[in-house]
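To start, the structure itself, in structure tokens.
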Amino acid sequence: MANGIKDKVAILGMGCAKFGERYNSDAEDLMVEAFEECIKDANIDVSEIQAAWGSTTFDEMGVGKSAIPYSQALRLPNIPVTRVENYCASGSEAFRGAAYAVASGACDIALAIGVEKLKDTGFGGLPNMNPGPLNSQWWANITAPGGFAQLATAYRAKFRIGKDDFKKAIAHVSVKSHANGALNDKAHLRRPITEDDALNAPIIAEPLGLYDCCGVSDGAACAILTTPEIAKSLGKNPLITIKALQIAASNGTEASFNQWDGSHFLTTRVASQRAYEEAGVKNPREDLSLIEVHDCFSVTELVTMEDLHISTEGNAPNDIMDGFYDSDGSIPCQIDGGLKCFGHPIGASGIRMIYEMYLQLLGKAAERQRDKVDLCLTHNLGGFPHENVAAVCIVGRDD
Amino acid sequence: MLGITGFGAYIPQLRLSRSAIVNANVWANPSIAQLSNGERSMANWDEDSITMAVEAARNCLHNIDRDNVKKVSFASTTFPFVDRLNSGVVSTALNLPNDTHSADLTGSLKAGTSSLISAVDSAMKNSEDLHLCIAAEKRLARAGSLQELSFGDGAAALTLGNSSKNVILAELIGHYSITDDFVDHYRAEGSKFNYYWEERWIKEEGYLKLIPESINRLLENCNIKGNQIDHLIVPLSSRGVPQRIANATDISPEIISDNLSNNCGDTGTAHPLIMLASELENAKPGKKILVCGFGQGADSILFQTTEAISDFQARQSFSDSLTSGRQENNYLKFLTFNGLLESERGMRAEQDKQTALSTLYRNKDMLLGFIGGRCTKCGTSQIPKTRICVNPNCGAHNSQTDECFADKKANVMSWTADQLAYSIDPPAHYGMVEFEGGGRLMVDFTDVNTDEMETNMPIRMVFRIKDIDEQRGFVRYFWKASPYK
């Protein structure tokens, strides 16, 4: 493995818009809201930004094609701006573009911004995607909840877990995230729920009920990255640096080769393993303080605990029920409410996860602040269990 | 010797109880009150004459080398396409050789038997080739009409050839046809429904004159007496008519074949062929079977079963499929499936379903024929067939030969029942299926209820409508998984 980017890139500033049904805001408003917070935090002028990456998944909605909407909204100084898209992992992809630009020495200060304006579809849930002229002729009539719900059937079959026990474990995931989200004034969904609420909610895609599914939100999140040297020179202290940033994309093995069993994410396992190597993390269950994972559905979070090598195989339901990932557990997961409650404006989510970790590392997470936050991991996933892109990022203080 | 070398029929699993139709409509039409017995076959929303034809032909071609099929004639009055060779879609879905001649026959309910007669004639001319003769029907009828009650949906297929290379199950004795523009009903270009004249006139002047005449002429030509006939197939649901035809032709009324009105209904052009397939399935050797067809004239065809009929093994027993239907009592569902009710479908239904025809043509082997690939280097079977082998330990380029997945055994690896996805029949069931011998695919399921879904459940693949592009009038087909019964 190459050296990677550990400690080569520092976070100079971050910002995040309020997520939710922002019926009175356009994508431009959301971007500017996140950007204003971010550039104030970075304490630089817009003219100092040398390159930018923007992420939006549904170009049919709100933003449109190309990087021009980002450049125009933020009045960027005619710098290279690139639009990236990688399903729900798009935000991590924009963050990676900016991080690699700084790490390579190609530029000193780079911007990543993710935005999604979803609440102009006229209906609930994500818009349909057009998978192209060939795939549209044979792909199953698949939606996100239906794709991820299948993790449950495969996981239950593999570990012989009864339907009710499994449903309780994923209900616990959602109850925990709702409790966390209630404390976050930027979160979309702020009402705590009970286990009964989760168990008895209407079914969206068997066995996932309404509360097993994350919010579909408008929002934007933003990061300005630079070298540790520049960050120090600008007076940043403590310094938050990237320890690892890895992305793994499916190559068709899960979808077409009879090997993967459908109960987990091959890509998350690969990306997290590589990230731990890059960051020098030996024992994630001991070393990580906080994690933000891609809980698009409660069941995704459950299996991801194993794919990140924190829970052992077959043990995620036990760890979850034991409170290991609760806000007062050993490794709180989704302390900001996660996709479940903070919300999921697709192109922004990867950056939003890092935003929370950044706040926690700086001790600025208000009511949600945890003690002793040293090393944080984010996990951002795009696609479906059988074909997806997994991004894992580890951030910490530069000691 | 010349005759039938294979046969198969297909009835959709759904059966609409006639009481559901009567209960919903008797307020407006009290005369149907007495017609609530039994059930009629009902195509699922994703079935049409093409898909049913494919399934009937698959049943028929079981144990037959498809390379020998050199002609296909497909009869229906309900072809999904007016100008696109419907039999061409069927031939491609069946992976028949591309030098097969395919033709559509339509314009009369007699098209089914006429297709048999043209098959017989073409089989006579060529000594080795098989002629695949298919009929399928899915007719619409006005709500509460007698037709809605008496119609059914279904398909049948037979192969005909001569004995030089083929095993004959039923030998052709002869056939006779009458053409007479007797318009008992008609359906004009662009109309959804048939228009009928008085029932009694149809019976007395149509059925009871034209059919006996064609039978008597045939018997006379073949020098056979009516009382030598063992099975009489009259594909009509009109009560008492088959008996009177038997009386008029000196055929014993005892041997009239069941017209399947109790559990299937009248399947139009397909009906004589479905009844013939049903009779052949149970027939003993040496039995004379007389099949009639009616529609602007009459066809009569006489076959005699051979010794080989005793050894015939069906892919799927027709009598089983007749009795293993899934009962549907929801009349509104029937109307909705047939596009006869403007139901709320939600905004997700608005997604554009345009089919890129060039993409379809380029990928027709996979999309219609369900052809995948098999890597010649590592032996991995995979679908879709791709340029680079999917086996992570292989990765060979351009190494795959065609492999058909349509008849492979498969199991469910993961599944869901999705209430969010737009479906005419929610929830949308889909999941990952794994094929025996390699290969897997995330596919839609059909003919399934959520409570029967489970991992490791055996399934088989069926040819169905994938999407309907209402804006442009195009129907997109693909393969779906259905529980194996």
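Since this is a predicted model, take the numbers as computed values, not measurements. Proteins come first, then strands; the chains are lettered A, B, ... in the order of their sequence lines, and each starts at number 1. The analysis underlying the following values was restricted to heavy atoms, covering all of them including side chains, and did not include hydrogens, waters or symmetry mates.
No other option in B:N456, B:T355, B:T380, B:N391 has as many heavy-atom pairs under 4.5 Å with chain A as B:N391. Note: A:N258 leads A:T143, A:T153, A:N258 in heavy-atom pairs under 4.5 Å with chain B. For chain A, the option among B:V412, B:L367, B:D352, B:V443 with the highest count of heavy-atom pairs below 4.5 Å is B:L367. Top candidate by heavy-atom pairs under 4.5 Å with chain B, chosen from A:G147, A:A149, A:S136, A:A154, is A:S136.
With hydrogens and angles ignored, the 3.5 Å screen pairs a side-chain donor or acceptor of B:K466 with a backbone N or O of A:W139. Using a distance-only test at 3.5 Å, with no hydrogens or angles considered, no donor-acceptor pair links the side chain of B:R348 to the main chain of A:P127. Side chain of B:T416 to backbone of A:E206: a donor-acceptor contact under 3.5 angstrom is found.
Distance check, rounded to the nearest 0.5 Å: CD1 of A:I142 to CG of B:D444 gives 9.0 Å. A distance of 12.0 Å separates NE2 in B:H429 from CG in A:N141, rounded to the nearest 0.5 Å. Note that CD of B:Q419 is 12.5 Å distant from CG of A:L210, once rounded to the nearest 0.5 Å. Taking OG from A:S256 and NZ from B:K385, the interatomic distance works out to 14.5 Å, rounded to the nearest 0.5 Å. To the nearest 0.5 Å, atom CG of residue B:L420 and atom CZ of residue A:F123 are 8.5 Å apart. With values rounded to the nearest 0.5 angstrom, A:D261 atom CG is found 11.5 Å from B:T455 atom OG1.
Looking at B:V390, the atoms closer than 4.5 Å to chain A (heavy atoms on both sides) sit in the backbone and in the side chain alike. With a threshold of 4.5 angstrom between heavy atoms, A:L151 does not approach chain B through any atom at all. With a 4.5 Å cut-off on non-hydrogen atoms, B:F445 does not touch chain A at all. A:Q259 touches chain B through backbone and side chain together, each having a heavy atom under 4.5 Å away. For B:A421, the parts sitting under 4.5 Å from any heavy atom of chain A are the backbone and the side chain alike.
For B:K353, the NZ atom counts as densely surrounded, since its 6.0 Å shell holds more than 12 non-hydrogen atoms of other residues, nucleotides or ligands. The local environment of OH in A:Y23 is crowded, with over 12 non-hydrogen atoms from other residues, nucleotides or ligands closer than 6.0 Å. Residue B:R472 places its CZ atom among more than 12 non-hydrogen atoms of other residues, nucleotides or ligands, all under 6.0 Å distant. Surrounding CG of B:N98 are at most 12 heavy atoms belonging to other residues, nucleotides or ligands under 6.0 Å away.
Listed here is the closest heavy atom pair of A:Q150 and B:M432: OE1-N, 3.4 Å. Heavy-atom minimum distance, A:A140 versus B:Y430: CB-CB, 4.0 Å. In terms of heavy-atom proximity, A:W260 sits nearest to B:R440 at O-NH2, 2.6 Å. Smallest separation of non-hydrogen atoms from A:W138 and B:M366: CD2-CE, 3.8 Å. In terms of heavy atoms, B:M442 sits closest to A:H386 at CE-ND1, 3.3 Å.
Side-chain atoms of A:Q137 and B:L360, non-hydrogen and from C-beta on, do get closer than 4.5 Å to each other.
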